[in-house]
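Following: one structure in structure tokens, then a few remarks.
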Amino acid sequence: MMRVLMFSVMALALFGCGEKVQSQANARDAGDAAPWTGAKNDPYVIKGWTAGNKTEWETQIRTRAQTQNEYVKVN
């Protein structure tokens, strides 16, 4: 019985040491650039959008927000 308990504690200790790093350095985008400057190789960018055009980006965000607005959809 004591042996099983000892192996269980050792296994839990090993699992605790195997946690992956969750630092900001491993993030996809650090957020240090303006959002309208563009995304590299992003499949979700709307076709025809030119990177760096702030007014077009703001219009696109506004349109997207309004299509997701339930109040606008219902009324």
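Sequential numbering from 1 along the given sequence is applied to the chain's residues. Below, all heavy atoms of this structure are taken into account, side chains as well, without hydrogens, waters or symmetry copies.
To the nearest 0.5 Å, atom CD of residue Glu58 and atom CG of residue Asn53 are 9.5 Å apart. To the nearest 0.5 Å, the span separating CD on Gln60 from CH2 on Trp36 amounts to 15.5 Å.
The side chain to side chain donor-acceptor pair (under 3.5 Å) search around Asn69 returns none, not counting sequence neighbours.
Phe7 forms part of a hydrophobic cluster together with Met6, Met10, judged by ILVMFWY side-chain heavy-atom separations under 4.5 Å.
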